[in-house]
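Please read all numbers here as calculations on a predicted model, not as lab measurements. So you know, we letter chains A, B, ... as the sequences are listed, proteins then strands, and number each from 1.
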Protein chains: 2
Amino acid sequence: MTKPEKKDGTVGKALEILDLVAEVGRPVRFSELLVTSQHPKATLYRFLQTLTNQGMLSYDEEKQTYAMGLRLVRLAHSAWQNSSLAPVAADILDQLEKEIGETIHLAQMENGQVLFVDKRRSSVLFETLAQTGRVAPAHCTGVGKVILAYMSAERLERALRQQAFVPYTATTHRDRESLIKEFEEIRSAGFAFDREEHEQGIISIAAPILLNNGRVVGSISVATSTTRFTLKDLEAFKPALLNATQKIGDAATTWQFPSPS
Amino acid sequence: MTKPEKKDGTVGKALEILDLVAEVGRPVRFSELLVTSQHPKATLYRFLQTLTNQGMLSYDEEKQTYAMGLRLVRLAHSAWQNSSLAPVAADILDQLEKEIGETIHLAQMENGQVLFVDKRRSSVLFETLAQTGRVAPAHCTGVGKVILAYMSAERLERALRQQAFVPYTATTHRDRESLIKEFEEIRSAGFAFDREEHEQGIISIAAPILLNNGRVVGSISVATSTTRFTLKDLEAFKPALLNATQKIGDAATTWQFPSPS
DNA sequence: CCATTAGGTTCCAAATATTGAGACCAAGTT
DNA sequence: AACTTGGTCTCAATATTTGGAACCTAATGG
């Protein structure tokens, strides 16, 4: 009673199961879900049934596995167009890419995680983990930290509670205090670095996208590998980066702006 | 009792509302949804509430509008990777693009509609309506007709019932009979044409992707404008196209294959 | 400037859908 | 052949959803 936190009935539970399947990231068996979810057999079974014939999941009869359904990609298309910064930012990202020629990510906050909503690929073949639609932890990425640093106290509190502080590398922030300490630094600099905090050998510089009323709605980063650039080198991109975030912020303010998570 | 057709309780209804919002394709007001949905005020309100704080919808307080939520793009990423043909087909599409240098679409069936799950853009600046995640009617597109033509009787029946037969252009099939008649032709040819049936000035050639057991799981099309090619010209792509669909079919058979809608 | 209305939100008892223990079934293992 | 493991089905108890109507609030108009 002191911590209900969630009160969304059947629909909420069903969606929880979708998340579960999504998290696994591959087709998954009934029994596997049975242990990770808290539900009894019959209940889980019915949810799976419902979600499957709604097209939110797909069921492979032969392998007897569940995977995410195609209806989601249809729905997501609409989400991407209407609720993400991607359409507003597209032209500006194109321009930024031409200017600096490195990998660029456009990210927003989704339930305490960083969600990549668009990107431009470096011409050099170099893959980061990030693809459009992919998520990453907020506490150890440039895009994540810079959004957190500019959040309102209320939203920040909620987001911090959602951080698991998984220590990916030696430089990853391991607790709330350490992370919060960096925020002041980020705010006074106007941008954040990722110092190989998520992936060994990958660094980035990220700046916040602010609405004219001061609200953060997302961020952009330029990411590269330590074999090609140092943090100092990345700092050279700062003017171009801030110019881009400024423009996107302006555009998003006048345009239909998305409500943040 | 004679035609329940849908029996998915609360979850089904909630998802129906998501579809509703997606269909509008722009942020939408409460009152607008109230008339298109069948639900009473209070009920709709609660659903919107639930979906919003689940991140499936986003609410713009200022404009008082609902739009699709970012959680969907996160979930869809997983769907696209696990349940679509896109990952299996990626390399083959790349190759096909190099070979013929025209716009290519990879499509699957989703609830009676054609869903584009990937594409390769022609180097010539030429935009079709199709983007990844976008949907189109099945009865008037090459990718749609060719999938229908190879479906099992049972699945076909279901799909046909979902066709609205909107007459986009002069050549669009206007009824079930006319459409069915073309299926034999398609099957004996092994591919389908789109004769400006969806968009004036856009034609395409499409071939089915078949699992080794004969089941259709998707299709590929090469689309172009009538100012650049004729149907005869498109037919020249047939060998390359069939080669690609064959390979994708093989790959999909051995690989984790998605369950069709 | 008050009256009126349209768009949203909240309440609550009745109607309905969800829930889960356990029975059941199929297929593979020992 | 008995035994597991993985999955599906049934049914009564229970919790949730439901929607009419009251209630807000901010616009609109007279």
N/O (side chain, Thr10(A)) to phosphate O (OP1/OP2, dA17(C)) under 4.0 Å: no

According to a strict under-4.0 Å criterion, is Lys13(A) in side-chain N/O contact with OP1 or OP2 of dT19(C)?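 Result: yes.
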
Within the 4.0 Å heavy-atom criterion, would you say Thr43(B) contacts the bases, only the backbone, or no part of the nucleic acid? base

Check: Gln113(A) main-chain N/O paired with Asn111(A) side-chain donor or acceptor under 3.5 Å: no

Any side-chain heavy atom of Val21(A) within less than 4.5 Å of one from Leu33(A)? yes

Ser219(B) side chain near Thr245(B) side chain, heavy-atom distance below 4.5 Å: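 No, side chains not in contact.
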
Boundaries of the DNA chain D segment in contact with chain B, non-hydrogen, under 4.0 Å: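 Using the under 4.0 Å cut-off, the span is dT17(D) to dG20(D).
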
Rounded to whole Å, the CG-P distance (Leu44(A) to dA21(C)) equals 13 Å

Nearest-Å distance, CD (Glu61(B)) to C1' (dG8(C))?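 Distance check: Glu61(B) CD to dG8(C) C1' gives 13 Å.
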
What's touching nucleotides 25-29 of chain C from the protein side, N or O pairs under 3.5 Å?
none

Who passes salt bridge (Lys or Arg N to Asp or Glu O under 4.0 Å) against [X], sequence neighbours left out?
X	answer
Glu32(A)	Arg26(A)
Arg174(A)	none
Arg29(B)	none
Glu154(B)	none

Pairs where residues 11-45 of chain B contributes a residue and the test ring-ring contact (aromatic ring centres under 6.0 Å, His included) is met, not counting sequence neighbours: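 Non-adjacent pairs meeting ring-ring contact (aromatic ring centres under 6.0 Å, His included): His39(B)-Phe47(B).
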
In short, ring-ring contact (aromatic ring centres under 6.0 Å, His included) pairs touching residues 63-90 of chain B with sequence neighbours left out are Tyr59(B)-Tyr66(B)

Please check if atom CG in Asp175(A) has more than 12 non-hydrogen atoms from other residues, nucleotides or ligands closer than 6.0 Å.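 Yes, because the 6.0 Å sphere around CG of Asp175(A) holds more than 12 heavy atoms from other groups.
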
To the nearest 0.5 Å, tell me how far Ile209(B) CD1 sits from Lys247(B) NZ. 13.0 Å

Would you list the pairs meeting salt bridge (Lys or Arg N to Asp or Glu O under 4.0 Å) in which at least one residue belongs to residues 36-53 of chain B, sequence neighbours left out?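 Sorted pair list comes back empty.
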
Under the salt bridge (Lys or Arg N to Asp or Glu O under 4.0 Å) rule, what pairs show up with a residue in residues 69-88 of chain B, not counting sequence neighbours?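 Matches after skipping sequence neighbours: Asp19(A)-Arg71(B), Asp19(A)-Arg74(B), Glu110(A)-Arg74(B).
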
Measure all distances between protein nitrogen or oxygen atoms and nitrogen or oxygen atoms of nucleotides 9-13 of chain C, and list the pairs falling under 3.5 Å.
| unit_1 | atom_1 | unit_2 | atom_2 | d |
| --- | --- | --- | --- | --- |
| dT10(C) | OP2 | Tyr45(B) | OH | 2.7 |

To the nearest 10°, give me the bend of the helix from dC1(C)-dG30(D) to dT30(C)-dA1(D), comparing the axes of its five terminal pairs at either end.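 Rounded value for the end-axis angle: 30°.
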
